[in-house]
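The structure appears below as structure tokens.
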Amino acid sequence: MLKTGKEHLESLRDGRRVYVGRTLVEDVTTHPAFARAAHTISRLYDVKADPANRDVMSYLEDGERHSSYFMRARTRDDLARRSETHKRIADLSHGLLGRSPDYVASFVTGMAISPEVFGDRAEHVTAYWRHLRDNDLYAAHAIVAPQAARDPAFYERANLPIPTLRVVGEDDNGVIVHGMKMLATGAVLANEIWIGNILPLAPENEAESITMAVPCNAPGVSLWSRKPLATTTASEFDGPLSWRYDETDAMVLFDRVHVPWERVFVHNDVPLSRELYFRTPAHAYGNHQSNVRFQSKLQLLVGVASRIARSTGAEQVPAVREKLGRLASQEALLAGLVDGQLWGAEAWGDGHVTYNRRSMYAAMNWCVEHYSEIVDVLRELCGGGSLQFPADWSVLADEELGGVFREFWHTPQLGAVERMKLHRLAWDLVGSEFAGRHQQYEKFYAGAGFIVRGHNFREAPWDRFHGIVDDLLASYTHPADADADGSRS
């Protein structure tokens, strides 16, 4: 089925335990910290369910219509439909919702293409994919141990409980887990949380090698939100991005939570707990979404940079045009990498296809390495302009002050109010707390940079590269050998 926005908002009123500091949030759909982002997600569902978008953003399977990001692609056209769905969703939030509903869904769909990887729990994975698909659910994930828990020997020496999530018991009906996972971005607004391990575990950490899924309102589960950013701005005019798109990051805490066996996908298998993302198309499906989402964000950044330059006439300066031209070339480069993932599609398993992994990882690395640089270009183009405006929009509500503002803050190219509005938007990309959070997010959403480059190392065709070198080396010899066989005089 295709869920409506109203139905999604209603699904979030389920008794989940969300903490902002010491405050237990009663209803995330009405609390000031989360309400506007919740309604942004609601709008995504409405757009997706709109008959005008159904031919692309949904597909028919098993007699029902489902969101296209649950499609297990069999052709390049299927991959293209998935990709276009990601782009339409990303465009609605300008790429500022990193963990939108199509993200984790794509990981689970990739796993459902190769469920045999999970051994005797293969049907659990397929059934869970159907559960998400059939109910059009929004899943978040937390697949990294908390930073404080990465030295288990310390806790053992001090006779302290290890904070990271682990299995502490089991019975005929399932496992009991206790501890914490990071970072459940988007979970405050989601229905389910996928728990796993994307980083390698030591062999002795078998109890941590649990991969499972739980509803956000499961008894014993709580979400501890970072500082919400939607409440840091006085109005949408003063912080248009913070106002709408703070998806919220949260630590997820499990207090002896019972998870039924049908929601357990990996248990006591240290290698599989990480390799399942790479032995299935999961990582390619999920991170293609990341690439497409970043493309939408980059298009916003390039557009704002150009508008800022035009607002003062600076776009006529050759050095500024050079910077804008470079931004435009970078957007085109990323677009090419995204398209390359379709044109270089790879066959997978029993008649399925996946995005080209080399192009996907190259795009991921490019995004991680260049985001700060791109934002810095926009920062340079803003100069001191963003710091020259009154504290907030209230100056416009005063007839006398508003008149003074309109007289002195305009430029030949743009009126004072329009200029302030533009710079407020730019500030939410380069200088606000929201902007700072996105700087951190884009650097680490896929792991530290060396991890991303490790994926590129793993996927590189080294034998082919070495063969090029070896064939060239074999095509000539050193002068002494040449003289010995008489080929040189």
Side-chain angles (χ1 to χ4, degrees), residues 69-74 78-79 82 102-133 139 141-145 181 194-203 205-213 261-291 341 344-365 445-448 450-464:
Y69 45 77
F70 290 114
M71 179 190 294
R72 296 180 292 184
R74 292 188 175 275
D78 289 345
L79 289 176
R82 289 182 54 91
D102 51 329
Y103 178 70
V104 173
S106 295
F107 276 82
V108 177
T109 301
M111 293 175 200
I113 288 175
S114 300
E116 68 279 359
V117 167
F118 295 82
D120 59 4
R121 292 190 172 85
E123 183 49 39
H124 293 189
V125 174
T126 305
Y128 186 67
W129 164 74
R130 288 197 184 98
H131 170 64
L132 294 181
R133 181 199 68 172
H141 73 178
I143 54 176
V144 178
K181 276 285 189 177
W194 175 277
I195 301 295
N197 294 281
I198 195 65
L199 299 178
L201 294 174
N205 292 346
E206 200 171 64
E208 297 176 20
S209 64
I210 182 77
T211 300
M212 63 187 196
W261 285 118
E262 59 267 25
R263 290 289 183 266
V264 175
F265 314 118
V266 177
H267 179 38
N268 290 345
D269 191 331
V270 168
L272 181 58
S273 67
R274 178 173 188 262
E275 289 303 315
L276 60 91
Y277 299 98
F278 312 112
R279 289 170 57 189
T280 71
H283 221 230
Y285 270 42
N287 286 300
H288 177 77
Q289 184 272 355
S290 297
N291 296 165
Q341 294 169 49
E346 302 175 40
W348 193 289
D350 184 20
H352 292 96
V353 292
T354 188
Y355 299 100
N356 184 276
R357 286 168 291 173
R358 288 207 65 212
S359 294
M360 183 275 290
Y361 285 122
M364 183 189 294
N365 187 67
Y445 76 88
F450 71 88
I451 292 174
V452 178
R453 288 182 281 279
H455 295 320
N456 282 274
F457 179 88
R458 184 188 65 243
E459 298 298 333
W462 294 113
D463 288 345
R464 177 156 59 87

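A quick note: this is a predicted structure, and the numbers were derived from the prediction, not measured.
Taking CZ of Arg458 as the reference point, atom CZ of Phe278 lies at 5.0 Å (rounded to 0.5 Å). Of the inter-residue distances, the one linking Thr211 atom OG1 with Asp269 atom CG reads 9.0 Å to the nearest 0.5 angstrom. Atom OH in Tyr277 sits 11.5 Å away from atom NE2 in His455 (nearest 0.5 Å).
Cation-pi check for Arg133 over Trp129 is met; the charged atom lies under 6.0 angstrom from the ring centroid and within 45 degrees of its normal. The cationic group of Arg263 does not satisfy the cation-pi geometry with Tyr128, failing either the under 6.0 Å distance to the six-membered ring centre or the 45° limit from the ring axis.
For an aromatic pair to be called close, the ring centres must be under 6.0 Å apart, and His267 with Trp261 satisfies this. Between Phe107 and His141, the gap from one ring centroid to the other is short of 6.0 Å.
Evaluation of the salt bridge (charged side-chain N to carboxylate O under 4.0 Å, His left out) rule for Arg279 yields no partner, not counting sequence neighbours.
Taking the side chain as every heavy atom from C-beta outward, Ile113 and Pro281 approach each other to under 4.5 Å. Counting heavy atoms from C-beta outward, Thr109 and Arg72 have side chains that approach closer than 4.5 Å. Within the 4.5 Å cutoff, side-chain heavy atoms of Val266 are placed close to those of Leu276. A 4.5 Å side-chain heavy-atom check between Trp194 and Phe265 finds at least one atom pair inside the cut-off. Val144 is listed as a side-chain neighbour of Ile198, based on a closest heavy-atom distance under 4.5 Å. You'll find the side chain of Leu79 reaches within 4.5 Å of the side chain of Tyr285, heavy atoms only. With a 4.5 Å cut-off on side-chain heavy atoms, Ile195 and Ile143 do not count as touching. At a threshold of 4.5 Å between non-hydrogen side-chain atoms, the residues Tyr355 and Asn287 do not count as touching.
Closest of all the heavy-atom pairs between Met111 and Val125 is CB-CG1, 4.0 Å. Between Asn456 and Ala362, the shortest heavy-atom contact is OD1-N, 3.2 Å. When all heavy atoms of Gly344 and Asn356 are compared, the pair lying nearest together is O-ND2, 3.0 Å. Shortest non-hydrogen contact noted between Met360 and His288 is CG-N, 3.9 Å. In terms of heavy atoms, Arg121 sits closest to Val264 at CD-O, 3.2 Å. The two residues Met364 and Asn291 have their closest heavy-atom pair at N-ND2, 3.6 Å.
Ring pair His283/Tyr361 is tilted by interplanar angle, where 30° to 60° counts as tilted.
Between the side chain of Glu346 and the main chain of Arg357, a donor-acceptor pair closer than 3.5 Å is present. In this structure, Ser114 contributes its side chain and Glu116 its backbone to no donor-acceptor pair below 3.5 Å.
At a cut-off of 3.5 Å, with distance as the only test, a side-chain donor of Ser106 or Arg82 sits close to an acceptor on the other residue. Looking only at atom types and distance, the side chain of His124 has no donor-acceptor partner in the side chain of Glu262 under 3.5 Å away. For the residue pair Glu208/Asn197, the side-chain donor-acceptor check at 3.5 Å is not satisfied.
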Test log, rule side chain to side chain contact (heavy atoms under 4.5 Å, CB included), inputs Ile451 and Leu199:
CA-CA 9 Å; Ile451 292 174; Leu199 299 178; 3.6 Å; yes
Take Ser273 and Ile210 through the test side chain to side chain contact (heavy atoms under 4.5 Å, CB included) and record every step on the way to the result.
CA-CA 7 Å; Ser273 67; Ile210 182 77; over 6 Å; no
